[in-house]
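It should be emphasised that the depicted structure is a prediction, and the values quoted were computed from it without experimental measurement. Remember, it's 1-based here, ligands and their atoms both numbered in the order they're listed.
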Amino acid sequence: MINFIPNDPLVTDVMPMRRVTAKRDRPAGRAGIILADEPPQASYPPGSPEFVAWQARQGAILAIEAWEKALGKPLTSWAQDADNPASMLVVSDAGEDLNAYYDRATLSFFHATKGNTTWYSGASTDVVAHEAGHAILDALRPDLWAVNLLEVGGFHEAFGDVTAIVTALADRKTREVLLKLTPKLDKANFVEATAEELSEAIRQFYGPGVSASQPRRALNKFTWQLPQTMPKTGGPNVMIAEVHSIARIMSGCFWDVLRGVFLKSGKTTQTGLWAATKIASALFYEASRSAPAVPRFFRAAGRAMVLADEQMYGGKHRDVINQAFLNHGLALGAAGLLAAELVLEGAPPKVRRNVVSVEENTIQDLRGRFAAGSRKPASVTTAELGGEPMANVTLYSEVSLDAVDPRLKGVVAAVNTATLVGSSGGSAALMAAPRSGAPSAEVVDFVRSLVTNGQIAFKLNGGNNKPKKGAVPARPTVPGLGTTHAVRKRGAKQELLRIRFACGWSVL
Ligand SMILES: [Zn+2]
């Protein structure tokens with residue numbers, strides 16, 4: 001038996017610590033979890049490193065199981081680009097910081113001490129599930145790792161927060177307590193709020209003006225606007241052009257879909273809540289899988305959710321989804337994705353055994369129109385949107401970061417231009433593509449947000465593309481979210497690359 005906090009150490013008044021049987025190791029053939037430094041199994045006091053180790057392991061396994069229960073299918077592997085696709089290493093205390101990471105090698109958690117109090121980020125199931133969520137999305141959409149777009153980064157953070165919510169709702173006792181607090185899911189509560197204790201620790205270190213000093217809430221009224229028009233910095237109640245901040249728009253859409261499906265079902269019990277959770281999560285997961293990685297990724301995900309609903313539930317939740325996204329300033333018009341815009345060179349994409357192929361002259365046509373500087377081979381993946389066989393063709397180019405910051409002189413960043421190719425009248429046809437030039441401009445904006453928030457390691461152990469397992473990360477250069485990107489040498493070039501997702505506020 002172990003001691004386990006099912007939600008977050010700061011909300012144990014509503015959702016107390018329990019003594020539970022430690023989860024067995026995940027069976028072979030399923031995405032596994034290995035604790036880096038496993039103490040003997042016992043009921044350790046909360047706040048001790050041994051407690052945190054078993055707590056983090058339990059939280060990570062519960063997060064995977066929550067998605068498996070919601071989707072009704074096993075998660076069999078981590079990302080193929082992960083250090084070990086069969087098992088993810090959980091480092092329950094990787095050193096001193098107010099942070100948590102997913103870096104394709106580990107889920108890493110940290111501790112920080114002030115006066116007599118020590119906070120452990122791994123002690124919160126919210127935080128652990130959030131990091132596991134990054135890893136689960138990375139397995140589903142490995143391409144998103146390298147996409148330098150604010151809404152794509154924001155979506156990754158939202159997937160983490162949604163994972164924390166789904167993990168909470170997979171627990172029957174949590175659903176019962178939640179429905180007593182807010183039968184219509186319309187009052188602030190411990191489930192839609194995530195990482196309460198880590199946010200409080202950040203507040204005690206850095207004060208209430210820091211964006212991460214309050215829990216992120218999925219029950220919110222934030223509305224989308226072009227990220228370029230958002231303030232660059234601001235406190236927790238301001239929507240700023242930063243990935244964790246804008247994640248609240250997408251987690252807000254998820255919560256509103258969940259609430260809408262739940263209320264519409266008329267089944268107001270905890271069983272009804274779990275049924276609604278399964279529907280909302282399955283739609284969100286499917287949208288995550290199929291939305292093309294365009295600059296306006298939030299809208300693309302919403303459209304993909306509507307189209308997934310048509311495929312999976314005959315369009316039963318279309319109004320709920322449209323309203324949820326409209327609540328957050330995103331008008332969807334999902335059917336637009338299924339209407340051809342332009343005829344392209346070549347025959348329509350061909351799908352054979354779930355593998356899609358596109359003629360080379362179609363790709364050349366796309367290059368000419370959308371990414372003239374593109375040289376690397378394009379990637380072609382299947383896009384199942386609304387039952388139409390389509391191809392997601394991504395063209396690769398790069399943009400100079402000279403103008404962003406003097407420390408980025410001579411450094412480039414990858415630009416992924418995602419286009420959707422379908423058919424019309426027996427010919428290949430363009431269904432959706434960003435406007436010419438838009439992806440490079442958006443990449444530059446994204447890198448600016450990384451500079452503003454202290455997320456770039458400008459000089460780094462040249463050429464070493466992966467941090468050591470469990471290594472204490474490079475200290476950030478300004479107080480901020482923690483390093484997520486680094487300048488690496490690639491041939492004669494220097495390129496800005498993602499090294500991890502970081503989800504707190506780094507101690508200098
Ligand atoms: Zn995160």
Side-chain angles (χ1 to χ4, degrees), residues 8 56 59-60 63-64 66-67 78-79 82 88 90-91 94 97-110 121-142 144-168 192-199 201-202 210-218 236 240-252 254 284 288 297-298 301 446 449-450 453-456 467 473 476 480-485 498-506:
D8 185 272
I64 310 166
W67 275 113
W78 299 106
M88 186 59 60
V90 171
V91 184
D97 208 344
L98 282 166
N99 227 321
Y101 294 155
Y102 164 64
D103 60 10
R104 283 190 162 170
T106 66
L107 308 180
S108 288
F109 306 93
F110 298 85
S121 61
S124 166
T125 298
D126 277 349
V127 176
V128 173
H130 175 102
E131 296 310 319
H134 280 299
I136 290 165
L137 180 56
D138 195 26
L140 182 66
R141 284 294 299 271
L144 301 184
W145 175 272
V147 174
N148 293 312
L149 292 171
L150 197 64
E151 287 190 20
V152 170
F155 189 88
H156 233 285
E157 296 305 335
F159 195 95
D161 289 347
V162 166
T163 299
I165 291 168
V166 175
T167 304
E192 52 87 26
T194 53
E196 287 91 339
E197 191 188 59
L198 180 60
S199 314
I202 291 168
V210 166
S211 60
S213 64
Q214 290 287 335
R216 285 192 296 276
R217 294 189 165 277
I240 60 172
E242 184 279 312
V243 289
H244 302 83
S245 190
I246 68 166
R248 296 177 293 179
I249 295 168
M250 185 50 57
S251 62
F254 173 81
F284 189 73
S288 308
F297 194 61
F298 284 5
F446 174 67
S449 90
L450 297 178
N453 293 291
Q455 288 174 264
I456 298 179
L481 294 153
T483 312
T484 58
H485 288 72
R498 177 178 291 283
I499 51 170
R500 62 175 75 97
F501 287 93
C503 307
W505 199 266
S506 271

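Of the possible donor and acceptor atoms, none in the side chain of R216 sits under 3.5 Å from a partner among the backbone N and O of A193. Without hydrogens or angle criteria, S124 side chain to D126 main chain gives a donor-acceptor distance under 3.5 Å. Without hydrogens or angle criteria, E131 side chain to Y102 main chain gives a donor-acceptor distance under 3.5 Å.
Looking at residues two or more places apart in sequence or on another chain, you find no ring pair (Phe, Tyr, Trp, His ring centres under 6.0 Å) involving F298.
Using a 30° and 60° split on the angle between ring planes, F284 and F159 fall in the parallel class, below 30°.
Nearest approach of S251 to D161, heavy atoms of both residues: CB-CB, 4.5 Å.
Of all protein N/O/S atoms, those under 2.8 Å from the Zn ion (ligand 1) are H130 NE2, H134 NE2, E157 OE1, C503 SG, and waters are not counted.
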